[in-house]
Amino acid sequence: MAGDPRVISLIMTLRKLGITDTRVLSAIETTPREMFVAEPFRSSAYDNTALPIACGQTISQPQIVAMAAEALELGPNMRVLEIGCGSGYQAAVLSHLCRRVYTMERHKSLLREAEDRFKKLKLENIATWYGDGFKGWPEQAPFDRILLSAAVPQVPETLIEQLKVGGILVAPVGERVNSDSESVYQHLTKMIRSESGIVAQRLMPVVYVPMVAGLPEKNASSR
Ligand code: SAH
């Protein structure tokens, strides 16, 4: 994959779009996105577009994956919680930038496939959990960083409580409303937790699939 012209072209596109963090760019470069998409979409794996995955979900656009990673301002010793593992692509990118990634998913089949990919790629610093992200991962909290990979109308208080003071949470916040005349999207939002509360900054308009409460499968109460 190193030297693959499609990867080089993707990195150039991301640079043009304003991604400047070289650690993030090299994490994208070393993560073979083609392993995270279904067979029919392999030829588009290095396009800067979101693509469908199973269970009606999507693998995020590389630009957004990079922006989220950049906004998290990761350090090598940090522990990061991701809600919405999906294909596992974002978690794989993050795993090159921090000490440990804890990624949660409410579709068991997606999570199992993502786990297989992490194993094949020998990404040993990713822990996975089948559960409802609205509850977070209290056993592993507090986290240095939290990333929501699914959209919320507002960030749940439970998740803010699982973020360290001084920590950063990045999330697509807002409702998606589409009508003939109007499209209202979410904003990728960066929140910094301080002693006195949360300081939030909107980064850019985005479209993520919504975060859905509860677990879809039967025998869902695994926690
Ligand atoms: N990070 C993923 C993006 C997947 S799309 C990637 O790189 O491929 C968002 C994912 O969030 C979906 O897989 C969806 O099932 C999951 N999700 C939605 N609500 C959730 C919840 N409450 N808890 C855990 N995962 C959730």
Side-chain angles (χ1 to χ4, degrees), residues 10 24 27-28 31-38 41-42 44-72 80-98 101-118 121 123 126-138 140-141 143 145-159 162 169-173 175-176 185-186 188 206-217 220-223:
L10 173 61
V24 170
I28 299 259
T31 307
R33 193 167 183 254
E34 62 197 317
M35 278 183 62
F36 293 82
V37 303
F41 301 104
R42 294 259 152 90
S44 314
Y46 297 102
D47 295 351
N48 185 27
T49 52
L51 293 167
I53 56 173
C55 304
Q57 306 302 314
T58 52
I59 174 172
S60 309
Q61 189 184 354
Q63 180 190 1
I64 306 298
V65 169
M67 273 212 91
E70 206 171 53
L72 285 169
V80 183
L81 173 67
E82 183 199 26
I83 312 288
C85 177
S87 70
Y89 179 66
Q90 175 86 64
V93 170
L94 296 179
S95 75
H96 296 291
L97 300 165
C98 64
V101 179
Y102 298 81
T103 183
M104 298 183 64
E105 174 55 56
R106 67 186 284 282
H107 285 292
K108 205 175 245 174
S109 57
L110 286 179
L111 193 64
R112 296 296 168 249
E113 284 176 30
E115 286 166 347
D116 285 347
R117 295 181 181 115
F118 301 151
L121 291 168
L123 300 175
I126 304 179
T128 55
W129 185 255
Y130 166 61
D132 179 3
F134 275 98
K135 296 180 184 157
W137 195 330
Q140 295 294 344
F143 297 95
R145 301 288 188 256
I146 298 180
L147 173 62
L148 273 60
S149 286
V152 283
Q154 59 206 29
V155 175
E157 200 53 44
T158 324
L159 296 181
Q162 292 184 22
L169 181 150
V170 172
V173 181
E175 317 235 21
R176 186 182 181 190
Y185 299 99
Q186 310 123 13
L188 194 65
V206 286
V207 182
Y208 276 69
V209 296
M211 195 159 143
V212 179
L215 296 173
E217 279 92 351
S221 55
S222 71
R223 53 179 312 169

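Atoms considered below: every heavy atom in the structure, side chains included; atoms not considered: hydrogens, waters and symmetry mates. The first residue in the sequence is number 1, and the count goes up from there. Just so you know, ligand 1 is whichever comes first in the structure, and atom 1 is the first atom listed for that ligand.
Per-residue contacts place Pro210 under 4.0 angstrom from the following atoms of ligand 1 (heavy atoms of the residue considered): 18 (C). Counting atoms of ligand 1 from 1 in the listed order, those under 4.0 Å from a heavy atom of Gly131 are 23 (N), 24 (C). Numbered from 1 in the order shown, with element, the atoms of ligand 1 that lie under 4.0 Å from a heavy atom of Gly133 read 21 (C), 22 (N), 23 (N), 24 (C). Against a heavy-atom cut-off of under 4.0 Å, Leu110 is close to the following atoms of ligand 1: 13 (O). Here is the list of ligand 1 atoms found below 4.0 Å of a heavy atom in Phe134: 22 (N). Contact atoms of ligand 1 toward Ser87: 6 (C), 7 (O), 8 (O) (distance under 4.0 Å to a heavy atom of the residue). Within ligand 1, counting atoms from 1 as listed, the ones closer than 4.0 Å to a heavy atom of Gly84 are 1 (N), 2 (C), 3 (C), 4 (C), 10 (C), 11 (O), 16 (C), 25 (N). Taking a cut-off of under 4.0 Å to the non-hydrogen atoms of Ile59, the atoms of ligand 1 that pass are 8 (O).
Shortest contact from atom 7 (O) of ligand 1 to any protein heavy atom: Gln90 N, 3.1 Å. Considering only non-hydrogen protein atoms, atom 13 (O) of ligand 1 sits nearest to Glu105 OE1, 2.8 Å. For atom 20 (C) of ligand 1, the closest non-hydrogen atom of the protein is Arg106 CD, 3.2 Å. With hydrogens left out, the protein atom closest to atom 5 (S) of ligand 1 is Thr58 O, 3.1 Å, a heavy atom. Ranking the protein heavy atoms by distance from atom 9 (C) of ligand 1 puts Ser149 O, 3.2 Å first.
For the pair Val212 and ligand 1, the shortest N or O to N or O distance falls below 3.5 Å. At a 3.5 angstrom cut-off on N or O pairs, Ser60 does not count as close to ligand 1.
Only the side chain of Gln57 comes within contact range of ligand 1, with a heavy atom under 4.0 Å; no backbone atom does. Proximity of Val209 to ligand 1, defined as any heavy-atom pair under 4.0 Å, is confined to the side chain (atoms from C-beta onward). Residue Val65 does not touch ligand 1, judged by heavy-atom distances below 4.0 Å. Within the 4.0 Å heavy-atom criterion, the part of Cys85 lying near ligand 1 is the backbone and not the side chain.
The main-chain N or O of Lys135 is found under 3.5 Å from a side-chain atom of Gln162 such that the two form a donor-acceptor pair. A donor-acceptor pair under 3.5 Å links the side-chain atoms of Gln90 to the main chain of Val65, judged by distance alone. Under the 3.5 Å distance criterion, the side-chain polar atoms of Arg106 are matched with a main-chain donor or acceptor of Val212. Between the side chain of Gln186 and the backbone N or O of Tyr208, at least one donor-acceptor pair lies under 3.5 Å.
Note that OG of Ser109 is 9.5 Å distant from CD1 of Ile53, once rounded to the nearest 0.5 Å. In this structure, OH in Tyr46 is found 9.0 Å from CZ in Arg33, a value given to the nearest 0.5 Å. Taken to the nearest 0.5 Å, the CE atom of Met211 stands 4.0 Å off from the CZ atom of Phe134. With rounding to the nearest 0.5 Å, the separation of CD1 in Ile126 from CG in Leu94 is 8.5 Å. Going from atom CZ of Arg145 over to atom CD of Glu82 covers 15.5 Å, rounded to the nearest 0.5 Å. One distance of note links CD of Gln57 with NE2 of His107; it measures 4.5 Å at 0.5 Å rounding.
Between Trp137 and Trp129, the two ring planes are tilted [angle within 30° to 60°].
By the side-chain hydrogen bond (donor to acceptor under 3.5 Å, both in side chains) test, Thr128 pairs with Glu115, sequence neighbours left out.
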